[in-house]
Amino acid sequence: MSTPPSNPASAQRGRISRILNVPFWAQILLALVLGALLGWVAKSGDVSWLQTALDKTGGIFVQLLMVVVAPLVFFAILVSITNLRNVSNAARLATRTLLWFMITSLIAVVIGLAIGLLTDPGAGTGLTAADGAEPKKHGSWLDFLTGIVPTDVITPFTELNVLQIVFMAAVAGVAVLQIGEKAQPLLTFSESVLQLLQKVLWWVIRLAPLGSLGLVGKAVYTYGWGLISKYATFTADIYVGCAIVLFGVYPLLLATVAKVNPLRFFKGAWPAIQLAFVSRSSVGTMPLTQKVTERLGVPKEYASFAVPFGSTTKMDGCASIYPAIAAIFVAQVFDVPLEIKDYVLIVFVSVIGSAATAGLTGATVMLTLTLSTLGLPMAGVGLLLAIDPIVDMMRTATNVAGQSVIPILVASREKILDREAYETADGSRLEPAVQAAPEPAAA
């Protein structure tokens with residue numbers, strides 16, 4: 001019996017589908033490589049149209065991410081707080097989550113200080129006080145405390161003050177819990193809006209390969225290697241410190257505290273870590289972070305609280321490693337000796353003040369908060385702004401990894417972690433949500 005001839009059109013569509021259906025992580029990787037290559041071409045050949053194309057491509061991607069940040073944070077925090085009523089021992093879960101946030105922040109800042117003291121990142125750079133400029137916005141403990149409460153309900157959304165948005169959402173969430181059944185229509189509306197925002201953000205995430213191409217290309221043609229050479233030690237310190245936390249501390253905690261396979265964590269959480277590296281936005285990555293955390297066995301009711309809460313406050317890269325190394329860098333450039341009490345203050349600021357990192361310029365606010373506490377010149381912030389986009393990628397990837405690790409640790413200790421789901425978690429299973437729909441069956 002002869003085999004019936006295959007449909008040539010269907011076979012062609014199948015080949016195209018296989019070519020286009022490249023794994024999401026591979027799309028990002030290819031975009032990074034291509035973006036660096038195009039950026040080099042744009043800079044070396046002074047190709048203005050290519051520079052503009054890369055700039056606009058990356059800029060539009062960031063704008064699309066940011067346009068949903070404010071409402072996403074508000075409704076995610078509000079809904080996450082109300083979801084705690086569906087979790088047994090909610091108060092204990094919240095307390096342990098916050099405690100682990102502080103423990104890992106302490107570990108991260110100690111690692112940052114150790115690296116900074118060993119490498120002297122500010123020595124031999126050739127930079128002077130004249131190269132720096134005082135930032136327009138400072139961060140101080142008074143500013144931090146008074147800045148939490150908004151003056152009105154509109155400005156935090158128009159100016160994207162994430163910390164104030166978190167405050168309003170937390171108040172609204174607690175109020176909904178207190179009101180009870182009468183507030184159910186508002187809660188239902190909030191849940192629907194949150195789902196809508198997450199769906200829109202999934203569409204934006206699907207554009208991450210194009211966005212990463214533009215962002216990396218712009219970084220290469222804008223900064224080149226000349227700038228990086230001046231900050232070589234500082235940049236290496238940030239990457240090494242974050243790598244130690246990301247690939248050393250977190251796996252150790254997963255293996256010893258949660259008693260799970262760390263490799264499985266990276267396999268399941270890698271899409272979120274990868275997107276964070278490209279987008280440089282913990283909040284923009286939040287829906288994907290929550291999705292991978294749930295796929296790793298954390299109950300949805302708890303993950304929907306811990307991940308949004310962590311996305312605005314849990315910043316081991318931006319709030320611990322970075323300010324520790326940056327403070328040493330600035331002190332060395334300005335020739336200001338640091339004493340033991342200064343290092344203790346750095347630890348204190350990093351562990352207690354991490355909530356100040358909420359927002360688009362969170363790392364800068366955290367740095368100014370640290371420098372003002374130590375009495376170091378604010379002009380030092382200007383020295384680091386030029387290199388910030390490059391180090392921010394690794395900082396944000398570390399932040400997001402921690403935002404997923406902590407719920408796993410707490411869920412495991414509370415014996416609510418689905419270990420079977422954790423062991424079978426696979427990041428590739430997330431890809432249908434961020435890739436094009438599969439080819440329809442041939443008629």
Would you list the atom pairs, donor with acceptor, under 3.5 Å between side chains in residues 52-67 and any protein atom, with sequence neighbours excluded?
residue	atom	partner	partner atom	Å
Thr52	OG1	Ser48	O	3.0
Asp55	OD1	Lys218	NZ	3.2
Thr57	OG1	Ala53	O	2.7

Return all side-chain donor-acceptor pairs below 3.5 angstrom for residues 117-124, not counting sequence neighbours, or 'none' if the list is empty.
residue	atom	partner	partner atom	Å
Thr119	OG1	Ile115	O	2.8
Thr119	OG1	Asp237	OD1	3.2
Thr119	OG1	Asp237	OD2	2.5
Asp120	OD1	Gln332	NE2	3.0

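For the residue pair Gln290 and Glu294, a side-chain donor N or O sits within less than 3.5 Å of a side-chain acceptor on the partner.
In this view, Ser304 and Asn83 satisfy the side-chain hydrogen bond (donor to acceptor under 3.5 Å, both in side chains) rule, not counting sequence neighbours. With sequence neighbours excluded, the residues that form a side-chain hydrogen bond (donor to acceptor under 3.5 Å, both in side chains) with Glu414 are Arg92, Arg96. Checked against side-chain contact (heavy atoms from CB on, under 4.5 Å), Ala175 has no partners two or more places apart in sequence or in another chain. Every side-chain contact (heavy atoms from CB on, under 4.5 Å) that Ala183 has, sequence neighbours left out, goes to Val176, Ile179. Among residues two or more places apart in sequence or in another chain, the side-chain contact (heavy atoms from CB on, under 4.5 Å) test is passed with Met286 by Leu72, Ala76, Val307, Pro308, Ser311. Looking at residues two or more places apart in sequence or on another chain, you find a side-chain hydrogen bond (donor to acceptor under 3.5 Å, both in side chains) between Ser404 and Thr293. Evaluation of the side-chain hydrogen bond (donor to acceptor under 3.5 Å, both in side chains) rule for Asp335 yields no partner, not counting sequence neighbours.
The side-chain contact (heavy atoms from CB on, under 4.5 Å) test with Val410 is passed by exactly one of Leu93, Val257, Leu99: Leu93.
The aromatic rings of Tyr322 and Phe234 sit perpendicular, their planes meeting at an angle over 60°, well past the 30° parallel limit.
Sorted by first and then second residue, the pairs that involve residues 243-254 and meet side chain to side chain donor-acceptor pair (under 3.5 Å), not counting sequence neighbours, are Tyr250-Asp316. Within the structure, salt bridge (charged side-chain N to carboxylate O under 4.0 Å, His left out) contacts touching residues 298-307 (residues at least two apart or in different chains) do not occur. Among residue pairs with one or both ends in residues 337-347, none qualify as salt bridge (charged side-chain N to carboxylate O under 4.0 Å, His left out); sequence neighbours excluded.
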